[in-house]
Amino acid sequence: MTVKVRFAPSPTGRIHVGNIRAALTNWLFAHRHGGVFVLRIDDTDLERSTQAFEDGIETDLTWLGLTWNERYNQSKRFDIYQTAAERLKAMGKLYPCYETGEELDRRRKVQLSRGQPPIYDRAALALTPDQIAALNAEGRRPHWRFKLDGRRVKWTDLVRGECDVDTTSMSDPVLIREDGAFLYTLPSVVDDLEMGISHVVRGEDHVTNTGVQIEIFEALGGTAPIFGHFSLLVGTDGEALSKRLGSMSIMDMRDKGFEPLAVTSHLARLGTSDPLEAMASLELLSESFDFSKLGRAPARYDPADLERLNAQVLHAMPYGQAKPRLEALGVDLGEAFWLAIRTNLAMFTDVTELARLVAGPVTPMIEDADFIAQALALLPTEFDDNVWSDWVGAVKTATGAKGKGLFQPLRRALTGMDHGPEMGPLLVLIGRERAAARLAGQTA
RNA sequence: GGUCCCUUCGUCUAUCGGUUAGGACACCAGAUUUUCAAUCUGGGGAGAGGGGUUCGACUCCCCUAGGGACUACCA
């Protein structure tokens, strides 16, 4: 079976960790099976959808490397939905309702206060053709509801196994609004059918929808795709993540300087039985993807894990990949520099600080002037790869200092800091002239 | 109020009736002539609670507690 999946975001905001996880899971699954990944912009809500958010979705997906093979806008496909709606109307599966929003709201509250489930009572189904004609004559425009069969709809879910939803416990869903706008449900089903979507992979917040959607798939004479509902993410305290989602947009992560692979590795591995580690590419990530590895319990999203993964990505980043970015920051000090300092990076932009350690200016920290003076006198004239160990050995012999007492003052004098990259390669990069100046107490 | 799902080390998870309950990350300790990083070695650390079923339960059933989702003319 050819795998064809879709990511269908609505351009009503920037995408965040919650919905990018859906995009990622679909992408990984598609690539694992040589399938097709469709980007379907769900802009049926004309009022809330904006071009800027639509562009933002493309920017974010592209930044993460989640490229798409096909792309659609639902707002350009209304005629297709209209045709499907007419078919449903002809079958009597889609029926007009004239209650106002306030009315519906009031009824719901009454039901709730009586301890009853807030389900639509299907009053509109009792309307006679004459009544409907009268209502229309009054200028009232209906919204349209899909008449549920009222049965247990079953499917075998890729992550949840055997599932069923009892559609008798649900209201008939509104498919078309009073103003004629299509609500998400119908376009989603029609497009899945029309585009030949083989697998619908999404968060478990859609399991109830699946029940009604399968009924619509079948009403339209189609076969429902295979469904997979992964568990949602929660915060570090186990509370719903949705409350903090605003601060976790992909855009923010990019602005803060996180590596895209850290973000994707994190979201791909979280909640799975695979180790939470940074992968070198999305392809590698997709090779280990398997629905059977997904847990059913909500997983905790911990930003600290993202930071760790980000560091991992940096620590393994080859020079060729870093070079253009180093150039952009004006700190491309060569491959030896990159290899010497990359394991000390948490964020890529940390390189500017580390570059300063080499190129200056560094204000030395010197406590024991005599000791440093002795060290300066012993500084070799030839700076080869062994300069650090040769020099330190000589200083050790001359002063009797050892261990921390030996290394710490030298590091402080040379870098002005208590910690940093390994001194061996660093000293070579600093060079004799600057090293000597710093040991002499000068800022260099 | 109703429906559905979930609950194993701090975290993500393995286990699919009989295990010293395994791994990864984190943490702690040690090693690698200082620190940071990396690496290696070792260590502590778990079945939400209560009832059943069974020779035997983390595993099956019920109840309770906690968490999540859904219950829109949002998606």
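Numbers restart at 1 for each chain; the letters A, B, ... are given by sequence-line order, proteins then strands.
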With heavy-atom distances below 4.5 Å as the criterion, would you say the side chains of Leu175(A) and Ile216(A) are in contact?
yes
Using whole Å, what does the distance between atom P of nucleotide U71(B) and atom CG of Asp172(A) come to?
15 Å
Nearest to side-chain heavy atoms of Pro275(A), which nucleotide of C4(B), A24(B), C73(B)
A24(B)
Assign Thr44(A) to base, sugar-phosphate, or nothing according to its heavy-atom contacts below 4.0 angstrom with the strands shown.
sugar-phosphate
Which part of the nucleic acid does Pro117(A) contact within heavy-atom distance under 4.0 Å: base, sugar-phosphate only, or nothing?
base
Same-atom distance (C1') from C27(B) to A46(B), integer angstrom:
15 Å
Distance flag, aromatic centroids of His266(A) and Tyr301(A), threshold under 6.0 Å
yes
Taken to the nearest whole Å, CG/Asp305(A) to P/A24(B) is 16 Å
Have a look at Ile119(A) and say if it touches a base, only the backbone sugar-phosphate, or nothing, with a 4.0 Å heavy-atom cut-off.
nothing
For Gln111(A), answer base if it contacts any base atom (sugar-phosphate contacts may also be present), sugar-phosphate if it contacts only those atoms, and nothing otherwise; contact means non-hydrogen atoms under 4.0 Å.
nothing
Would you say the rings of His199(A) and Phe227(A) are close, in the sense that their centroids are separated by under 6.0 Å?
no
Using atom P in both nucleotides, what's the gap between G44(B) and G10(B) to the nearest angstrom?
15 Å
Rounded to the Å, how far apart are Arg300(A) CZ and U13(B) P?
10 Å
Under 4.0 angstrom, heavy atoms only, what part of the nucleic acid is Arg114(A) near: base, sugar-phosphate, or nothing?
nothing
What interatomic distance, in whole Å, is found between P of A31(B) and the corresponding atom of A69(B)?
48 Å
For C73(B), take OP1 and OP2 only and decide whether either is under 4.0 Å from a side-chain N or O of Arg140(A).
no
On RNA chain B, nearest-nucleotide positions of Arg296(A) versus Asp45(A): which is more 5'?
Arg296(A)
Sugar-phosphate, base or nothing in reach of Glu204(A), heavy atoms under 4.0 Å
sugar-phosphate
Let's test your reading of the model: under 3.5 Å, does the base of A75(B) pair with the side chain of Asn209(A) as donor and acceptor?
yes
Quantified in whole Å, what is the P atom distance between nucleotide G51(B) and nucleotide C16(B)?
26 Å
Distance, P atom - from U19(B) to C12(B), rounded to whole angstrom
26 Å
Indicate, with a heavy-atom threshold strictly under 4.0 Å, whether Val207(A) touches base, sugar-phosphate, or nothing.
nothing
With both distances under 3.5 angstrom, what nucleotide forms a Watson-Crick or G-U wobble pair with U35(B)?
none
Does any nucleotide pair with A69(B) by Watson-Crick or G-U wobble geometry, both distances under 3.5 Å, and what is it?
U3(B)
Geometric cation-pi criterion Arg77(A) and Tyr72(A), 6.0 Å radius, 45° cone:
yes
For G43(B), the Watson-Crick or wobble counterpart (both distances under 3.5 Å):
C27(B)
Glu307(A) has an atom CD; how far is it from atom P of C25(B), in whole Å?
18 Å
Answer with base, sugar-phosphate or nothing: what part of the nucleic acid does Ser113(A) contact at a heavy-atom distance below 4.0 Å?
nothing
In this structure, how many angstroms lie between the C1' atom of U11(B) and the CZ atom of Arg308(A), rounded?
10 Å
How many Å lie between CG on Asp166(A) and P on G2(B), as a whole number?
15 Å
Has Asp166(A) got more than 12 heavy atoms of other residues, nucleotides or ligands less than 6.0 Å from its CG?
yes
Would you mind building the protein contact string for nucleotides 30-44 of chain B? One character per nucleotide, 5' to 3', B for base within reach (heavy atoms under 4.0 Å), S for sugar-phosphate only, - for untouched.
---BBBBBS------
Does the plane of the ring in Phe182(A) sit parallel, tilted or perpendicular to the ring in Phe78(A)? Use 30° and 60° as the thresholds.
tilted
Toward the 5' end of RNA chain B, by each residue's nearest nucleotide, Leu112(A) or Ser292(A):
Leu112(A)
State whether the number of non-hydrogen atoms from other residues, nucleotides or ligands found under 6.0 Å of Glu47(A) atom CD is greater than 12.
no
Could you give me the CA-CA distance, side-chain angles and deciding distance for Ser292(A) and Asp290(A), then say whether side-chain hydrogen bond (donor to acceptor under 3.5 Å, both in side chains) is met?
CA-CA 5 Å; Ser292(A) 68; Asp290(A) 196 305; 2.9 Å; yes
Please state the C1' separation for the pair G50(B) and G43(B) - nearest whole angstrom.
34 Å
Here the distance between atom P of A69(B) and atom NE2 of His229(A), to the nearest Å, is 15 Å
Member of Asp43(A), Asp191(A), Thr44(A) meeting the side-chain hydrogen bond (donor to acceptor under 3.5 Å, both in side chains) criterion with Gln74(A)
Asp191(A)
Taking the same atom, C1', in A14(B) and in C58(B), what whole-Å distance lies between them?
12 Å
Aromatic centroids of Trp338(A) and Phe348(A) separated by under 6.0 Å
yes
So which nucleotide does G18(B) pair with, by the Watson-Crick or G-U wobble rule with both distances under 3.5 Å?
C55(B)
Interatomic distance at C1', U32(B) relative to A26(B), whole Å:
22 Å
From CZ of Arg151(A) across to C1' of U3(B) the rounded distance in Å is 17 Å
Taking only the side-chain heavy atoms of Pro298(A) (C-beta and beyond), determine which of C73(B), C12(B), C6(B) contains the nearest atom.
C6(B)
